[in-house]
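Lettering follows sequence order; numbering is per chain, from 1.
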Protein chains: 2
Amino acid sequence: MNKKTAPRARRDDMLSRERIIDAAIDLLDREGERGLTFQALSAQLATGPGAIYGHIANKADLLTAACDAIVARAVASPSDDATPQAAIRALALALFDAMDDHPWAGATLIQAGGQMPVVRILERVGQQISALGVPQAAHWAGASAVVNYILGVSGQNAANAQLARSQKADRDTFLAEVAIAWSRLDPAQYPFTRSVAGQLRGHDDREDFLAGVDLLLAGLVSQAQIS
Amino acid sequence: MNKKTAPRARRDDMLSRERIIDAAIDLLDREGERGLTFQALSAQLATGPGAIYGHIANKADLLTAACDAIVARAVASPSDDATPQAAIRALALALFDAMDDHPWAGATLIQAGGQMPVVRILERVGQQISALGVPQAAHWAGASAVVNYILGVSGQNAANAQLARSQKADRDTFLAEVAIAWSRLDPAQYPFTRSVAGQLRGHDDREDFLAGVDLLLAGLVSQAQIS
DNA sequence: ACCTGAACACCGTTCAAGT
DNA sequence: ACCTGAACACCGTTCAAGT
């Protein structure tokens, strides 16, 4: 009876947790982390600031949920890779690219503790670690090492993007400035940093990131062979 | 002439960047990241909020400087270790313990981009990577992988400590709660996370952290041997 | 030259009043 | 039951006035 009218009767502009999170992601992508305020968010949703608290607990909850949506999308693609190593590399790259598109998500992810977005990553990584033949007792240490590495890079990338933004420079000129600052350090105290300052300029972030993943995988494989 | 009176004439309570940073560290250690406000800080220094801006640029600058002081202390101990591996392990552990004592520093460190606190770590790690015999071209990738891993763990630990604090639980009961939440996840979607939930409880954070460092070192050594 | 502290612009969150 | 939006408590930062 009422089924006939239900689809059209349901108001499209009704507030929901999902709509709030989508609007928050929009705002974060456009204006950065500083741009997400309850004022701006409620304005975009054509409501009052108080209405949002009916669907989310607080701002930290909102940020975690927005970050989780990004991670869920990045992790959603099916992994039909030939080897566990390839699957982990593909997963890591998908996350890297997602964080590159949404720099605020990297900063949020690392503050999310053992919550959903991190668990999603842990699960995907862990399944492949298990497939690698790593002994059961080493599952946790291996998976958490890979996850921590991914989180560290994400956070660092987010920080770089945010610093570049605050200086109104693009990423390349920002990195060039860092390279110059490093090459001016005291040679006696900072020989290594000075020596890699050149490599910093023009390097490929994605490739460096993958190199780190490969180091961990190489370590895991040798560990699996020993035991 | 004036040298005679100078030592006593110099007012001990004069404001300085160093005194501000020390007071900020005190406040952060006692009250957490939320406790550092210019109001509380200036009160502790017996001055007005505006006076602080004569010595530091803004709050981000203050946080980075405070974090740098912690890192500088942790890194200061001489490394007379037998092998580069042992030196990196000792350095990583010193940083881990420092972040454990000052959880706010982990969260700050990861937002510090290519600035001093991170450079200090990069330099120490890099010198040992170089001593390991890693080929020059791989210096940057190897050192940044280790640094990123350390930063990731630091940030994650800081987030856990902060979450535990906000729930007014100590670290152990907080981790126990996480373990329970994980063991309640959907078995079809989260088999791995469920399987390691048990290992989470009662595990040794320091040991897990070192295991990740060892994985990276094992990968680096095998890389050095191949080339 | 440096400190003082009131004032400003803003933000997350609450809650009585509406519908 | 849910939205509305004024009000509250608070915070980083500035700046004219002091010393």
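Side chain of B:Trp182 to backbone of A:Gly114: a donor-acceptor contact under 3.5 angstrom is found. Counting only distance, with no hydrogens or angles, the side chain of B:Gln199 and the backbone of B:Val196 share no donor-acceptor pair below 3.5 Å.
Straight-line distance from the CE atom of A:Met14 to the P atom of D:dA1: 15 Å, rounded to whole Å. Between the NZ atom of A:Lys59 and the C1' atom of C:dT13 there is a distance of 12 Å, given to the nearest Å. Regarding B:Arg19, its CZ atom lies at a distance of 15 Å from the P atom of C:dC2, rounded to whole Å. Taking atom CD of A:Gln39 as the reference point, atom C1' of C:dC10 lies 10 Å away to the nearest angstrom. A:Leu41 has its CG atom 15 Å from the P atom of D:dG5, to the nearest Å. When rounded to the nearest whole Å, the span between CG of B:Asp61 and P of D:dT13 equals 10 Å. Remark: P of D:dC2 and CD1 of A:Ile56 are 16 Å apart, rounded to the nearest angstrom. The CD1 atom of B:Ile52 sits 13 Å away from the P atom of D:dT14 (whole-angstrom rounding).
Considering only the side chain of B:Tyr53, D:dT14 comes nearest among C:dT13, D:dC11, D:dT14. When distances are taken from the side chain of A:Thr47 to each of C:dC11, D:dC3, D:dT13, the shortest belongs to D:dC3. In this structure, the nucleotide among C:dC3, D:dT13, D:dT4 sitting nearest to the side chain of A:Ala51 is D:dT4.
Listed by residue number, A:Leu36, A:Thr37, A:Phe38 are the residues of residues 31-38 of chain A with a heavy-atom contact under 4.0 Å to DNA chain C.
Taking all atoms of both residues into account, the shortest heavy-atom contact from A:Pro191 to B:Glu123 is CD-OE2, 3.0 Å. When all heavy atoms are compared, the tightest approach of B:Leu215 to A:Gly142 is CD1-CA, 4.3 Å.
Nucleic acid contact class of A:Gly50 (heavy atoms, under 4.0 Å, all strands): base.
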Strand DNA chain D in bracket notation, Watson-Crick/G-U under 3.5 Å with | for pairs to another chain: ||.|||||...|||||.||
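Within the structure, the salt bridge (Lys or Arg N to Asp or Glu O under 4.0 Å) test picks out the following pairs touching residues 170-191 of chain A (sequence neighbours left out): A:Arg171-A:Asp205.
Using bins of under 30°, 30° to 60° and over 60° for the plane-to-plane angle, the ring pair B:His139/A:Phe192 lands in the tilted bin.
Contact of the A:Ile70 side chain with the A:Arg73 side chain is registered, since non-hydrogen atoms from C-beta on lie closer than 4.5 Å. Within the 4.5 Å cutoff, side-chain heavy atoms of B:Leu28 are placed close to those of B:Leu63.
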Under the side-chain contact (heavy atoms from CB on, under 4.5 Å) criterion, do A:Glu31 and A:Thr37 qualify, and how do the steps go? CA-CA 10 Å; A:Glu31 317 268 358; A:Thr37 67; over 6 Å; no
